[in-house]
Structures are given as structure tokens and as C-alpha cells.
Amino acid sequence: MSEQVYINGTKLDSPLPLRALFFGEGLFETFRYKCRMPLFFDKHYDRMSRGARLLRIPLMERDRLAEHVNKVIINSGISDAYVKICLLSDGGPNYYDNPARGDIAIIVRDYNSSKERVRVCINKFARCADSPVRSIKSLNYLENIIARREASRKGYDEAIFLNERGEIAEGTAGNIFWVEEDTLRTPSVECGLLPGIIRELLMNSVGDIGLRLEDGAYHPERLAGSRMAFLTNSLSGTVLISELGETALPFDYELYGAIKNLVFSRLGWI
């Protein structure tokens, strides 16, 4: 007998991408669509392609996916949109089976600006720096969900993950940077983080505003002595960190303005 699936007692007549549902086997990308396809869409697609190869999920070619996104945006009538693309896995019911196909789900809604400043805390459990899923945007987001909910329960906006060595890794939804004197610092990928699109953009262009760049292994104590710290992702661009736990972090508004303008101009948002 073929496999049958029931939800709330009702048999499904059409198939669902069950491997994504059962195992969290799938990928996603989020970005802001402001009147046009984001300038770095190719980087989002390339990252999803790398994840698809790792998980062995078939992925449609780039131009076809872009066509789907543009069609959804046109149908929505939204000019400044939050867009989430999900690659959903389907195939055999055994967790070790290879996926048979990949379905694309696209979610679009009005873009809402994030907070200008956020309060963050250190998450209580560690990131595993050697995990193979650290380098992909997996649908299995449970660690991030748990960490963010716990941060919210304590009155914070975001949580920062440390790895098993106590080194700074990343936030639940972005990469972290801070400035010491004339140097912009950020954790290296070996610390167990997802290298974001905005992270790469900033690392490649920060010399344009007179800052040096260093990535490496750092402990959270470094943030307290910095000129400022901030988070980056493809939806917000940059967001200042006002507090780390009970410690207020300094602001350098002029420098932060230069960094934010650099990122926003590269993204075509201004």
C-alpha cells in the first residue's frame, strides 16, 4: 500500500513536501525587494544552490526562480516587500533517503523597518562550530527559535550565540560586527556562523570609509570596550546594539551613519 497522510483526521488528496515537514530538510533565503529584484539576488541563489547540493535537493535554475519571484511581487502589488523563498524537500519517508524533488514556496508581505537599536543577551547554549548545517540557511531553525524566545522572555530583542569555545559566533538572525579604534572586527567563519550577504558586502567595502578589517576568534568581553557594535542581515541592513546583557554599549553615531549609508547605498535602498 502506498503511503497515506492524514491531518486532523482528514486524508490529504494532494502531496505535501513531506521531507521538509518531517525532518526540516529544506532551505530558505530572505531579502528586501524595494521596487526591483535585490542587487545581490545572485548571491542568495548561489547560497541556496550550495545548500541544495549539500542536502541533495533539486533546485530550479536561477532565471526561472527569479521569474517566479517577480511574478509574485507583481501579483501582490507591493513595491517595498519582505520576501522569503523556501526550497522544500520531498521524497522517501526514511530520514536517510535522498530527496526526489524540491518545491519552491515564496512568501511576500509589506516590508516593515526594524528597530534602530536593539538590546541583546548571550544565549545559554552554544553553537557547534563544526556542524555542517552552520554554512547553510536550513529550515531547521529550532536553535534560533528557542534562543530568540528566551531572549524575548528576558526583555531582550536578540540573542548572540557563542560556540563551544566561548567565542562569539552570530545572532539568531544576523552577523555581528564591532569597531575597535580604526578596525572593524567580526567573527571568522571558523567560529560557527552563517556568512551573510551583508557581512560579505561590508567586509569587501569598509575600506571605503577608512576602516581596517579583521576577522577572527573573539570573546564577548571585547564588545564592552568597542566604539560601537551592530548586527547585519539582508532585511534590515544594519542595526545598532545598545546593550549586551546589563552592559550599555557606546555609540559612535557619525561612524555608524557612514557604515549604514555605505551598506544602504550598495543595496540600492537610498
Exercise for the section: Check the pair Tyr141 / Thr172 against side chain to side chain donor-acceptor pair (under 3.5 Å), numbers first and verdict last. Expected result: CA-CA 9 Å; Tyr141 222 55; Thr172 67; over 6 Å; no

Practice task
In sequence, state the C-alpha distance, the side-chain angles, and the governing distance for His68 and Met60, and then conclude on side-chain contact (heavy atoms from CB on, under 4.5 Å).
Solution key: CA-CA 11 Å; His68 281 301; Met60 67 177 60; 3.4 Å; yes

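To the nearest 0.5 Å, atoms CG (Leu87) and CD (Glu25) are separated by 9.5 Å. Residue Asp80 holds its CG atom at 7.0 Å from OH of Tyr111, rounded to the nearest 0.5 Å. Distance CG/Leu231 to CD1/Ile160: 5.0 Å, rounded to 0.5 Å. Taken to the nearest 0.5 Å, the CD1 atom of Ile168 stands 12.0 Å off from the CZ atom of Phe177. Taking OG1 of Thr247 as the reference point, atom CZ of Arg119 lies at 11.0 Å (rounded to 0.5 Å). Between the OG1 atom of Thr186 and the CD atom of Glu170 there is a distance of 10.0 Å, given to the nearest 0.5 Å.
Donor-acceptor pairing under 3.5 Å is lacking for the side chains of Arg199 and Thr232. The closest side-chain donor-acceptor pair between Ser188 and Glu190 falls under 3.5 angstrom.
A salt bridge links Arg266 to Asp208: one of the charged nitrogens lies within less than 4.0 Å of a carboxylate oxygen. In this structure, Arg19 does not pair ionically with Asp90, as no charged nitrogen and carboxylate oxygen lie closer than 4.0 Å. With respect to the salt-bridge test (charged N to carboxylate O, under 4.0 angstrom), the residues Arg153 and Glu150 qualify. For Glu29 and Lys84, the salt-bridge test fails: no basic side-chain N is under 4.0 Å from an acidic carboxylate O. Look at Arg222 and Glu180 and you find a salt bridge, because one of the NZ, NE, NH1 or NH2 atoms lies within 4.0 Å of a carboxylate O, short of that distance. Using a 4.0 Å cut-off between a side-chain N of Lys or Arg and a carboxylate O of Asp or Glu, Glu164 and Arg127 do not qualify as a salt bridge.
Of all heavy-atom pairs between Ser234 and Ile197, the closest is OG-CB, 3.7 Å.
In this structure, Lys43 forms no cation-pi arrangement with Tyr45, as its terminal cationic atom is not both closer than 6.0 Å to the ring centre and no more than 45° off the ring axis. Under the 6.0 Å distance and 45° angle rule, Arg109 counts as a cation-pi partner of Tyr82. In this structure, Arg32 forms a cation-pi arrangement with Trp269, its terminal cationic atom sitting closer than 6.0 Å to the ring centre and no more than 45° off the ring axis.
Around NZ of Lys34, the count of heavy atoms belonging to other residues, nucleotides or ligands within 6.0 Å exceeds 12. Within a 6.0 Å radius of CZ in Arg56, no more than 12 heavy atoms belonging to other residues, nucleotides or ligands are found.
Grouping the Ile, Leu, Val, Met, Phe, Trp and Tyr side chains by contacts below 4.5 angstrom, directly or via other members, places Trp178 apart from Leu202.
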